[in-house]
Amino acid sequence: IPLVVWGAPHDDVEYCIVGSDNFHGGEISAERLVELGRRRLVFLGDTRHAEVAARFEGFEKTAKKLGAQIVASCPCPFTFTGGLDVAEQLLRDGVKFDGVLGSNDLQTMGFARALIEANIRIPEQVSMIGYDDTPMAATFSPSLTSVHQNWREGGVKLANKILALIEGHDAPSELLPTSLTIRQS
C-alpha cells in the first residue's frame, strides 16, 4: 500500500516522507537570538519526536558555535499550558535566560504569557521564537517571531507523491526549506 507521511526523515524508513528542514529552523533561530544579543537560551519541546530532535540539534550546534549556552531544554506538550507550566517552573527555580525557542507557536505563547504575568518584558528582557508561523503568532501580543513551514507546498507535495506512488512511479522523500518570520518578540 503506498504511504506518504509528513514528518522528519529517520533511518530504515520504507515510505516517502515530506517535511520541513527542521535542523535549519533550529539554526536560524539560534542565529537570530544571538544576533539580538541573547546568550542564555531555553529550548521547549520533547526531543523524542524526530522533528523536534532536529530542531534542537540545529539550535544547539549553532548556539554553541556562536558563543551562546543552552541553559535548559524542557520537554513539554505542544500546548499553551505546556509552555506556561515550563516557564513558571523555570522562574520558580531561578533559571536565568534571555532567549527562547519553542517547538511550536502555542507552547511558546504559553511560555510568553507566564513571563508577562511575572512582569518580564518581551523582547526587552527575553526574546522568543515559536515554530510553525501560525496565524495566532501574528495576532499574539507581542506578535511572535516564528519559524515558517510552508504547509501549503507541503500538502501539494504529499498529494503529488501519493499519486505518483499509486501510478507506480518513484516518489523520493523531500525536505522543504524553512525561514524566519520576524515580528515583535
Side-chain angles (χ1 to χ4, degrees), residues 6-8 18-47 49-63 66 68 70-87 90 97-117 120-158 175-185:
W6 176 268
V18 175
S20 292
D21 187 344
N22 289 292
F23 184 89
H24 182 253
E27 285 179 314
I28 60 177
S29 297
E31 288 169 356
R32 174 68 179 166
L33 290 170
V34 171
E35 176 184 293
L36 294 171
R38 306 311 182 191
R39 297 291 183 271
R40 299 182 54 78
L41 309 178
V42 170
F43 180 82
L44 307 175
D46 188 344
T47 57
H49 298 280
E51 290 176 291
V52 176
R55 293 169 193 177
F56 178 73
E57 184 181 355
F59 187 65
E60 181 181 46
K61 284 185 178 182
T62 304
L66 297 175
I70 308 293
V71 297
S73 177
C74 308
C76 65
F78 291 106
T79 64
F80 186 91
T81 304
L84 181 82
D85 291 345
V86 164
L90 290 175
F97 56 90
D98 58 9
V100 177
L101 172 61
S103 291
N104 76 355
D105 289 341
L106 198 55
Q107 71 185 188
T108 309
M109 288 184 265
F111 196 101
R113 180 60 51 216
L115 297 185
I116 291 165
E117 289 174 3
I120 297 171
R121 295 182 323 277
I122 302 166
E124 294 84 2
Q125 293 173 281
V126 177
S127 295
M128 305 192 70
I129 299 174
Y131 216 100
D132 296 333
D133 195 19
T134 61
M136 288 186 304
T139 60
F140 189 74
S141 184
S143 61
L144 185 63
T145 295
S146 187
V147 176
H148 179 78
Q149 298 189 84
N150 193 330
W151 298 107
R152 185 181 189 302
E153 182 182 356
V156 169
K157 287 195 179 289
L158 286 165
L175 285 181
L176 303 175
T178 53
S179 60
L180 201 58
T181 302
I182 297 173
R183 296 190 181 96
Q184 294 173 319
S185 71

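In this text the structure is predicted, and so the values were computed from the model without any measurement.
- In terms of the side chain to side chain donor-acceptor pair (under 3.5 Å) criterion, Trp151 has no residue partners (sequence neighbours excluded).
- Sorted by first and then second residue, the salt bridge (Lys or Arg N to Asp or Glu O under 4.0 Å) pairs with a member in residues 32-45 read Arg32-Glu35; sequence neighbours excluded.
- Nearest heavy atom pair, residue Trp6 against residue Glu51, reads NE1-OE2, 3.4 Å.
- Between the Arg55 side chain and the Ser103 main chain, a donor and an acceptor come within less than 3.5 Å of each other.
- Remark: side-chain polar atoms of Ser143 are paired, donor with acceptor, to backbone N or O of Gln184 under 3.5 angstrom.
- Looking at Ser185, its side chain never comes within 3.5 Å of a backbone N or O of Pro142 through a donor-acceptor pair.
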Requested in this report: Evaluate the criterion side-chain contact (heavy atoms from CB on, under 4.5 Å) for residue pair Phe111 and Ile122; output intermediate values, then yes/no.
Outcome: CA-CA 11 Å; Phe111 196 101; Ile122 302 166; over 6 Å; no
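- Within the structure, ring pair (Phe, Tyr, Trp, His ring centres under 6.0 Å) contacts touching residues 123-148 (residues at least two apart or in different chains) do not occur.
- Between Leu44 and Cys74 there is a side-chain heavy-atom pair separated by less than 4.5 Å.
- Across all non-hydrogen atoms, the minimal contact from Ala68 to Val34 is CB-CG2, 3.8 Å.
- By the 30° and 60° cut-offs, the orientation of the rings of Phe59 relative to Phe43 is tilted.
- Qualifying ring-ring contact (aromatic ring centres under 6.0 Å, His included) partners for Phe78, counting only residues two or more places apart in sequence or in other chains: His49.
- Tested against Val42 for a side chain to side chain contact (heavy atoms under 4.5 Å, CB included), the candidates Ile70, Val100, Leu101 yield a single pass: Val100.
- Smallest separation of non-hydrogen atoms from Leu41 and Asp98: CD2-OD1, 4.2 Å.
- Identified under the salt bridge (Lys or Arg N to Asp or Glu O under 4.0 Å) test for residues 121-135, with sequence neighbours left out: Asp133-Arg183.
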Query - Leu180 vs Val147, side-chain contact (heavy atoms from CB on, under 4.5 Å): CA-CA, chis, key distance, verdict - result: CA-CA 5 Å; Leu180 201 58; Val147 176; 3.9 Å; yes
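- Here CG of Leu84 is found 9.0 Å from CZ of Arg113. Values are rounded to the nearest 0.5 Å.
- Across every non-hydrogen atom of Val18 and Leu158, the tightest pair is CB-CD2, 3.7 Å.
- For the residue pair Val126 and Leu115, the shortest heavy atom distance occurs at CG1-CD1, 3.9 Å.
- Remark: Ile129 CD1 to Ile182 CD1 distance equals 8.0 Å, nearest 0.5 Å.
- A donor-acceptor pair under 3.5 Å is formed between the side chain of Thr108 and the backbone N or O of Asn104.
- Residue pairs meeting the salt bridge (Lys or Arg N to Asp or Glu O under 4.0 Å) criterion with at least one member in residues 102-111: none, sequence neighbours excluded.
- Within the 3.5 Å criterion, the main-chain N or O of Gly58 finds no donor-acceptor partner in the side chain of Glu27.
- Scanning both residues, Ser20 and Leu175, for their nearest heavy atoms gives O-CD2, 3.4 Å.
- In this structure, OG1 in Thr79 is found 7.5 Å from CG in Asp85, a value given to the nearest 0.5 Å.
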**Report entry** side-chain contact (heavy atoms from CB on, under 4.5 Å) evaluation trace for Gln149 with Leu176
**Finding:** CA-CA 8 Å; Gln149 298 189 84; Leu176 303 175; over 6 Å; no
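- Rounding to the nearest 0.5 Å places CD of Gln107 at 9.5 Å from CG of Asp46.
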